[in-house]
Amino acid sequence: MDIKPDKHEKMETRASRKKKSVIGFFNVCKFYGESDAIVDVSFTISKDDFALITGPSGAGKSTVIRIIYMGETISSGSVIVDGMNLLRITRPQVPLLRRKIGVIFQDFKLIPSKTVFGNVALVLEAAGVRSKNIIHDKVMSVLETVGIGDRAASYPPTLSGGEQQRVAVARAMVGEPKIILADEPTASLDPEAADAIYQLLQDVHARGTTVVVTTHDLNLLEKGGTRVIHLKSGRMVSIVNQDVWNGL
Amino acid sequence: MDIKPDKHEKMETRASRKKKSVIGFFNVCKFYGESDAIVDVSFTISKDDFALITGPSGAGKSTVIRIIYMGETISSGSVIVDGMNLLRITRPQVPLLRRKIGVIFQDFKLIPSKTVFGNVALVLEAAGVRSKNIIHDKVMSVLETVGIGDRAASYPPTLSGGEQQRVAVARAMVGEPKIILADEPTASLDPEAADAIYQLLQDVHARGTTVVVTTHDLNLLEKGGTRVIHLKSGRMVSIVNQDVWNGL
Amino acid sequence: MISYFKRALSDFIRHRFLHGVCTATIALSVFIISAFTLFFVNAGALMNTWQKGIRVIAYLEPGVNQGARKALIQRIKAFDGVEDVVFISRQKAFSWLKKEIGRQSSLLEGLEDNPLPDSLEIKISRSALNVKDIEYLASRIKTFNAVNGVEYARKWLARFKGVYDLFRITGIILVTMVFIAIMFIVANTIRLILFSRREEIEITRIIGADEEFIRNPFYIEAAMLGFLGGITGITLLFISFALSMPTISPSGILPFFTIRFIPPAAGIAIVISSVIVSWMGCYFSIRRFLHM
Amino acid sequence: MISYFKRALSDFIRHRFLHGVCTATIALSVFIISAFTLFFVNAGALMNTWQKGIRVIAYLEPGVNQGARKALIQRIKAFDGVEDVVFISRQKAFSWLKKEIGRQSSLLEGLEDNPLPDSLEIKISRSALNVKDIEYLASRIKTFNAVNGVEYARKWLARFKGVYDLFRITGIILVTMVFIAIMFIVANTIRLILFSRREEIEITRIIGADEEFIRNPFYIEAAMLGFLGGITGITLLFISFALSMPTISPSGILPFFTIRFIPPAAGIAIVISSVIVSWMGCYFSIRRFLHM
Ligand SMILES: Nc1ncnc2c1ncn2[C@@H]1O[C@H](COP(=O)(O)OP(=O)(O)OP(=O)(O)O)[C@@H](O)[C@H]1O
Ligand SMILES: Nc1ncnc2c1ncn2[C@@H]1O[C@H](COP(=O)(O)OP(=O)(O)OP(=O)(O)O)[C@@H](O)[C@H]1O
Ligand SMILES: [Mg+2]
Ligand SMILES: [Mg+2]
């Protein structure tokens, strides 16, 4: 816990000789008052990873996600995301970091007073896209992809749980981010819809996006990712590099 | 759709010769503008049922739940809950109906500014329980049962998704209602915690509570209930009376 | 009822920010309304000091003896609106006239005899300050035998009266309008509180709470807001008053008049109004949110 | 920038309720502040009509001829604060005196000769209404050879001046205090809007919006609220004014004075202030919500 960020950065550099790592956690701890959400967690996720973070309820999965998009600051350790040390980041850099990341929030975080279209379009507007046409086309195509193109004009509170989750998925993908963080992206979905979303995530992964999914869905775990990180009570239980494991 | 409530009530009486039915849907439709959430749905659930409502995302499962606790009014047909015709109910009777029903909402619906304890205690306070001690004991015991007794003083936004869901379960059970409506009560939970909650629901069912669970969790479906209602696009696909089916 | 109070109190603390902002708004509203009360009360008092100057002079016939005079004074004193009657001898009147004419008093030196009559100065009580009443009074006094003629500052009186009335009417209209405006502002603020808490209200309702259970704490909270805001507003005014008095007083050159703070009764009335207005704001707003 | 405007406009419509309540509050605030502007402007104008009566009388030495008199008038007119100088012959003055003394004019009948001197009536321009200036002016005029003495209503002037000053100072203090109070009320209301929308702000931020993107629409909305509220408030005042004029005017018995609505320039200034205050309210409140 006394290891300085510089040291981590060096470790990072060494690690990336083989594989370009996009997300790196080094001895990260996150405390809330007396309780700890994350204790001494270290892992790296490379650019071409499809990482799964798993563990029981309250294990710290969402906390890891929140730390990556800077929804939460860490108590100790250091975190590197796409080459940026999150401890050293300046305030104006935060939005730039976040635009590289698409997040599917566990509680969706849709704006109730904006339509589905408006919610998804906001990502592009915030990223500085000015053209109405480009926004319209991109948003509608991603809404079609997740299967709720017909609800574009609805407001989130009028959608079913699964529909809201699909809007959240659409919003995370519309900006074509480098990294997608999916916090239980299929919890509210029936197996069929869940499969479709999972397939979608694999498609974007195939196109070069780093994907991090938290899940307690056994099916998802069985399908496997390239790297599976198992947490319990905020501590690391295991990291499995699926490709290495398969090669055993 | 032209069938009058009276007729249903008669049907209801006839049906209850064999089994006391607690919830009855008779040709129920629910339209939102042009789209329909529920079309011509009829079923009954008896007092000793553990009913499962299943179907893909957007099938109308939550809508059925909302209709039962009068979170939504129906467009046509009639609904009877615990002997009350919901079309004929007066405004002051609504809270009385709701106190008979414990609902686990799909989106939890916890009050963010109240502690976990306060959220759960509110049900008892609203039901007119005055004694601080009784409230404290009941709330703490139900929080222990769902496994979050140690988080009683926390606020919902500081809980993980699964912890929030367990608070929602606790709140639905604390008032010892006649009927428990559980809208995807284990969606945010890992298999172990989900099993525990499912076991809990079976325990209260065993103690005489009518339980209605919506789910797309295949595990839950495999474990089965006494009655499985399958919806798709707002229409009934099937009703299976598990006991009869098993007896085939 | 006690449980409602407890819930209201814990709500109050829980929603510190909302209630803080709302209390501030109410306090400022009370401040405004009571600042104007302060202004109009003092301006009214100032005008009253002017009005003291209003009197009717009755000139007596020459040779009215002391007995007849005293009887006359008694009879005039019996009239409504007469505060006091003072006898002014012709000698006194003459010396006053000399003073009044001032520089030109030399012109009176040519007179070997005092041409002025004896007179009675009739002070009008403040409550009767009304042009018509005074005219009527004057006409009645004129009918007495011992009275030769009656005089009063008819023109000045009419003019002053006009200004005084205008001031009073505009004051009343203004304070009423401001009061109504303030009422809406307070109601609006409470409406925003309810709006921010609509989700909480909705959740409380669907877990089986009846309207009374939901409403009562809001009513109590609104009354508390009104009370706190009222007290704070008046305190604020008092502080501003105390701070600005040094600026006002010395420049005022008004030794005959001291500015006073609003009377305690008015202060209490304002706090009570504040409580009532807040309560009513809550009453009307909550219906909207309870039936949505 | 245009896109911010579009977003602000759609936000405005989307949050109808919030913005409606807020506009109402601003409108009422503007109403209050402009009602008081209306009051003080008119009260000031009314006081000015009184002040017209203030003049200095210079008594001339006997036997000053017409030429010397005209030269004197020119020299006096050259002083600062002198509006006009009128010659009053001793005959005219004597007939006025008779009128003034009224009933007792019989006492002047004993005089075979007019003892009054010729005089000059010096009208003071309104801007120079200041006891010290007038005293100074009087002392300067006294030094002329042709002038025998100077007279003016020193006591009345001092008293009127005191009241006028008191009125002006309290007016300024009051309107300033109310303005500050109103500013806080408007800021508070905007703060409540931001509070109700904090979730939306938070979500917008975590999907990668920068502060400018979040803030600008709020600023534009606040300015729009201020503008709408300002216009509405002044319209409201105008309607109230039009409605209450019939009540005030006839009773007023003030034919020499007409109550006027606030001048257009003041109206525009008030609307602009309303926009600025709303904008500032937003500016200071949004920091709280953006850094929480
Ligand atoms: N703001 C907070 N304040 C206090 N404790 C917190 C806060 N946020 C999270 N925690 C605690 O940290 C622990 C980890 O939370 P986290 O949300 O990461 O769990 P999770 O693995 O996502 O669980 P789930 O599967 O239930 O969503 C939990 O016990 C949670 O209560
Ligand atoms: N207030 C509303 N206005 C318009 N449409 C609505 C509203 N509420 C629900 N719907 C629509 O009705 C349909 C059924 O919704 P419901 O929430 O019952 O689905 P569900 O079966 O619970 O799905 P999920 O498993 O995704 O939660 C959905 O298509 C939904 O979009
Ligand atoms: Mg989580
Ligand atoms: Mg649902």
Side-chain angles (χ1 to χ4, degrees), chain A residues 32-35 37 54-66 72 105-108 110 112 146-148 150-151 153-166 183-184 186-197 214-219 221 230-234, chain B residues 32-35 37 54-66 72 105-108 110 112 146-148 150-151 153-166 183-184 186-197 214-219 221 230-234:
Chain A
Y32 292 109
E34 301 199 343
S35 72
T54 183
S57 172
K61 306 182 291 296
S62 300
T63 304
V64 168
I65 298 284
R66 277 197 294 268
E72 203 81 81
F105 300 94
Q106 190 172 10
D107 55 355
F108 315 149
L110 301 176
V146 299
I148 43 164
D150 53 327
R151 300 305 301 268
S154 304
Y155 289 89
T158 72
L159 298 183
S160 82
E163 288 162 347
Q164 289 183 34
Q165 187 151 44
R166 281 177 281 168
D183 200 357
E184 317 246 3
T186 58
S188 302
L189 293 172
D190 55 289
E192 238 172 274
D195 273 351
I197 296 296
T214 77
T215 188
H216 50 65
D217 185 338
L218 296 177
N219 295 317
L221 276 177
H230 193 147
L231 299 176
K232 195 169 177 181
S233 303
Chain B
Y32 292 109
E34 299 198 344
S35 73
T54 182
S57 171
K61 306 182 292 295
S62 300
T63 305
V64 167
I65 299 284
R66 278 197 294 268
E72 205 80 80
F105 300 95
Q106 192 172 7
D107 55 356
F108 314 150
L110 301 176
V146 298
I148 43 165
D150 52 330
R151 300 304 302 266
S154 304
Y155 290 89
T158 71
L159 297 183
S160 82
E163 287 161 349
Q164 288 182 35
Q165 187 150 44
R166 282 177 279 168
D183 199 356
E184 317 247 2
T186 58
S188 303
L189 293 173
D190 54 290
E192 238 172 274
D195 274 350
I197 295 297
T214 77
T215 188
H216 50 63
D217 185 338
L218 296 177
N219 295 318
L221 276 176
H230 192 146
L231 300 176
K232 196 170 176 181
S233 304

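Residue numbers start from 1 in every chain, and the chains themselves are labelled A, B, ... in the order their sequence lines are given, proteins ahead of strands.
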> Is the shortest heavy-atom distance from the side chain of B:Pro191 to the side chain of A:His216 under 4.5 Å?
Replying inline: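 Yes; the side chains approach each other to less than 4.5 Å.
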
> Is it the side chain or the backbone of A:Gln106 that comes within 4.5 Å of chain B heavy atoms, both, or neither?
Replying inline: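 A:Gln106 touches chain B through side-chain heavy atoms alone.
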
> Quick one: what part of A:Ser62 sits under 4.5 Å from any heavy atom of chain B, side chain, backbone, both or neither?
Replying inline: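 No part of it gets close to chain B.
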
> Once you round to the nearest 0.5 Å, how far does OG of B:Ser160 lie from CG of A:Asp107?
Replying inline: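 The distance works out to 11.0 Å.
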
>> To the nearest 0.5 Å, what is the distance between NZ on B:Lys232 and CG on A:Asp190?
In response: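 Rounded to the nearest 0.5 Å, the NZ-CG separation comes out at 9.5 Å.
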
> Where do A:Arg166 and B:Ser57 land on the side-chain contact (heavy atoms from CB on, under 4.5 Å) test, with the steps shown first?
Replying inline: CA-CA 10 Å; A:Arg166 281 177 281 168; B:Ser57 171; 2.8 Å; yes

> Among A:Thr54, A:Leu189, A:Thr158, A:Thr215, which has the most heavy-atom pairs under 4.5 Å with chain B?
Replying inline: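 Option with the greatest count: A:Leu189.
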
>> As an exercise: rank B:Gly161, B:Gly162, B:Ala187 by heavy-atom pairs under 4.5 Å with chain A and give me the winner.
In response: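 The candidate making the most pairs under 4.5 Å is B:Ala187.
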
